[in-house]
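Bear in mind the structure is a predicted one, so any value in this text is a computation, not a measurement.
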Amino acid sequence: MQTFTVALAGNPNSGKTTLFNRLTGAHQKVGNYPGVTVEWKEGVRRLQGTELHFVDLPGTYSLTAYSEEELVARNYLLGDQPDLVVNVVDASNLERNLYLTTDLMELGLPMVVVLNMSDVAESSGLEIDTVALANRLGAPVIPAVGSRGVGLDALLASVLDVLGRNGDQPRPQVDLGQEIEPRIDELVREMAERVPQIPSRQRRWHAIKLLERDEKVVGELGRHDLADQAERLAGELDEEEPGTSDVTVSRHRYAYIGHLCRQVVRGTARPGRDLTDRLDAVAMHQVWGVPIFLALMFVVFNLTFTLGDPLMGFMETGIAALSSGVSALWPEGSTSPLRSLLVDGVIA
């Protein structure tokens with residue numbers, strides 16, 4: 001039986017763990033990544049003579065090491081090299097979720113994209129051209145509703161298909177613009193000469209992180225004399241465009257994503273608003289929001305003392321009676337440590 005490792009990656013609240021539970025059922029184990037408190041889940045699914053080991057990575061918005069979760073997710077993807085990544089995307093928040101997708105594309109790992117919560121997107125009036133999106137991302141795109149198990153069979157079939165092709169799929173490049181691309185190419189060429197142990201498909205990702213001044217990557221590659229060159233190139237970006245180099249890279253990445261979404265998303269979100277939106281419109285109004293906040297605080301503080309004062313009196317009376325009752329179990333004036341523990345410690 002062939003065995004493959006499949007990592008599930010996605011933004012927090014994208015429904016990734018729900019999908020993982022559907023894929024693996026009861027065949028799961030939970031633990032912590034070595035040296036950190038971040039929890040991981042691993043599960044197994046067997047079908048068609050293949051054993052799939054699914055790993056549920058921590059929810060993360062990108063592969064930049066700003067948080068422990070992001071660091072754990074990217075260390076796993078870089079170090080453990082899973083056979084395939086299932087990228088779970090919230091279809092109703094496509095533009096925001098695709099930031100991580102473009103980060104994963106730069107790693108060069110075989111990938112299947114799941115448009116989870118497709119029903120929410122449809123009910124909002126959005127229609128996503130999955131064929132066009134798949135062509136642009138160079139990865140199969142599967143609509144799904146993880147909470148109901150919709151799209152699960154198509155996802156598993158796609159996973160087996162990509163694994164059967166040994167991950168051989170076209171890998172389009174995220175175009176970050178004429179200001180950034182030549183600098184990435186320069187760092188990739190230098191990396192190929194100085195750090196040949198980095199897989200060729202990962203060099204572009206490392207080059208981008210060097211330009212973003214990612215501390216972990218700069219520290220790892222600094223001993224290969226790449227840090228100074230990367231800092232020079234990043235400094236040039238700082239001079240050419242407003243903001244620091246990491247902001248510049250993010251801005252160009254979002255520009256690419258925005259252009260992509262305009263090509264594959266049809267329709268616009270319907271104007272109807274839910275109860276939360278209607279409440280926000282009043283409570284967070286630029287004029288009335290502050291008076292409403294101050295009024296609510298006034299009510300809360302007054303209720304705390306007007307309603308709380310009698311309750312405090314009842315509690316003090318009850319505690320005093322309980323203390324007296326327990327103290328009476330010992331002779332008057334007793335210095336018993338147990339009495340002191342119960343009356344002065346536990347009850348008080």
Side-chain angles (χ1 to χ4, degrees), residues 4-11 14-16 19-20 23 45 50 52-57 59-63 73-74 76-78 80-118 121 126-146 150-176 199-205 208 253-254 256-265:
F4 297 98
T5 301
V6 179
L8 269 71
N11 287 188
S14 62
K16 174 176 57 63
L19 195 65
F20 170 81
L23 287 167
R45 179 75 175 249
T50 302
L52 301 175
H53 285 259
F54 288 96
V55 177
D56 184 18
L57 296 178
T60 176
Y61 294 105
S62 72
L63 296 181
R74 87 175 195 179
Y76 181 86
L77 293 170
L78 287 168
D80 292 73
Q81 289 286 297
D83 298 296
L84 183 139
V85 177
V86 172
N87 176 212
V88 183
V89 171
D90 179 356
S92 62
N93 289 290
L94 187 63
E95 191 164 347
R96 184 185 68 187
N97 280 238
L98 284 180
Y99 193 96
L100 175 62
T101 305
T102 58
D103 235 350
L104 293 169
M105 288 170 65
E106 304 291 359
L107 281 179
L109 291 169
M111 182 167 64
V112 173
V113 177
V114 179
L115 293 182
N116 197 25
M117 299 187 242
S118 293
L126 299 176
E127 182 183 346
I128 300 172
D129 187 339
T130 57
V131 175
L133 183 58
N135 290 334
R136 292 298 303 272
L137 298 179
V141 176
I142 310 298
V145 183
V150 175
L152 210 64
D153 291 338
L155 169 60
L156 288 169
S158 186
V159 166
L160 291 176
D161 179 56
V162 174
L163 290 172
R165 290 186 275 120
N166 295 317
D168 183 22
Q169 57 189 130
R171 304 185 194 284
Q173 185 172 289
V174 178
D175 185 3
L176 295 178
S200 58
R201 67 184 184 183
Q202 290 185 8
R203 288 172 191 155
R204 179 177 170 85
W205 183 86
I208 293 172
R253 194 183 292 274
Y254 273 119
Y256 171 86
I257 294 168
H259 178 69
L260 173 61
C261 288
R262 287 191 294 273
Q263 290 184 319
V264 302
V265 179

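When all heavy atoms of Cys261 and Leu98 are compared, the pair lying nearest together is SG-CD1, 3.9 Å. For the pair Leu77 and Ala7, the tightest heavy-atom approach, listed with the atom from each and the gap, is CD2-CB, 4.2 Å. Looking at every heavy atom in both residues, Tyr99 comes nearest to Tyr61 through CD2-O, 3.9 Å. What you find for Asn97 and Val88 is that their closest heavy atoms are OD1-O, 4.3 Å. Closest non-hydrogen pair, Gly151 versus Ile142, comes out as O-CG2, 3.9 Å.
With a 4.5 Å cut-off on side-chain heavy atoms, Pro82 and Val55 do not count as touching. Contact check for Phe4 versus Leu84: no side-chain heavy atoms found under the 4.5 Å cut-off. Residues Thr5 and Asp80 are not in side-chain contact: their nearest non-hydrogen atoms beyond the backbone lie 4.5 Å or more apart. Residues Leu63 and Leu100 meet the side-chain proximity criterion, which asks for heavy atoms closer than 4.5 Å. Within the 4.5 Å cutoff, side-chain heavy atoms of Leu19 are placed close to those of Leu152. Within the 4.5 Å cutoff, the side chain of Arg96 has no heavy atoms near those of the Ile257 side chain. Between Met111 and Thr101 the shortest side-chain heavy-atom distance falls below 4.5 Å. Looking only at side-chain heavy atoms (C-beta outward), Ile128 and Leu94 come within less than 4.5 Å of each other.
Distance OG/Ser158 to CG/Leu163: 9.5 Å, rounded to 0.5 Å. Taking CZ of Arg45 as the reference point, atom NE2 of His53 lies at 14.0 Å (rounded to 0.5 Å). Taken to the nearest 0.5 Å, the OG atom of Ser62 stands 8.5 Å off from the CZ atom of Arg74. Atom CZ in Arg262 sits 8.0 Å away from atom CD in Glu95 (nearest 0.5 Å). Here Asp175 contributes atom CG and Tyr256 contributes atom OH; the two are 8.0 Å apart, rounded to the nearest 0.5 Å. Asp56 contributes atom CG, which lies 3.5 Å from atom NZ of Lys16 (distance to the nearest 0.5 angstrom).
Between the Asn135 side chain and the Val131 main chain, a donor and an acceptor come within less than 3.5 Å of each other. Of the possible polar contacts, one joining the Asn116 side chain to the Gly146 backbone as a donor-acceptor pair under 3.5 Å is found. Between the Asn87 side chain and the Ala9 main chain, a donor and an acceptor come within less than 3.5 Å of each other.
Heavy-atom neighbours of Asp153 CG from other residues, nucleotides or ligands within 6.0 Å: at or below the threshold of 12.
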request  = Could you go through the side-chain contact (heavy atoms from CB on, under 4.5 Å) check for Arg253 and Asp103 one step at a time?
outcome  = CA-CA 9 Å; Arg253 194 183 292 274; Asp103 235 350; 3.9 Å; yes
message = Go through it in stages, so that I can follow the logic: the residues are Val112 and Asp161, the test is side-chain contact (heavy atoms from CB on, under 4.5 Å), and I'd like the CA-CA distance, side-chain angles, deciding distance and then a yes or no.
response = CA-CA 10 Å; Val112 173; Asp161 179 56; over 6 Å; no
request  = Would you sort out whether Leu52 and Leu156 count as a side-chain contact (heavy atoms from CB on, under 4.5 Å), showing the intermediate values?
outcome  = CA-CA 10 Å; Leu52 301 175; Leu156 288 169; 4.3 Å; yes
query = So Phe54 and Phe20, side-chain contact (heavy atoms from CB on, under 4.5 Å) or not? Walk me through it.
reply = CA-CA 8 Å; Phe54 288 96; Phe20 170 81; 3.8 Å; yes
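With respect to Val85, the side-chain contact (heavy atoms from CB on, under 4.5 Å) criterion is satisfied by exactly one of Leu57, Leu8, Leu109: Leu109.
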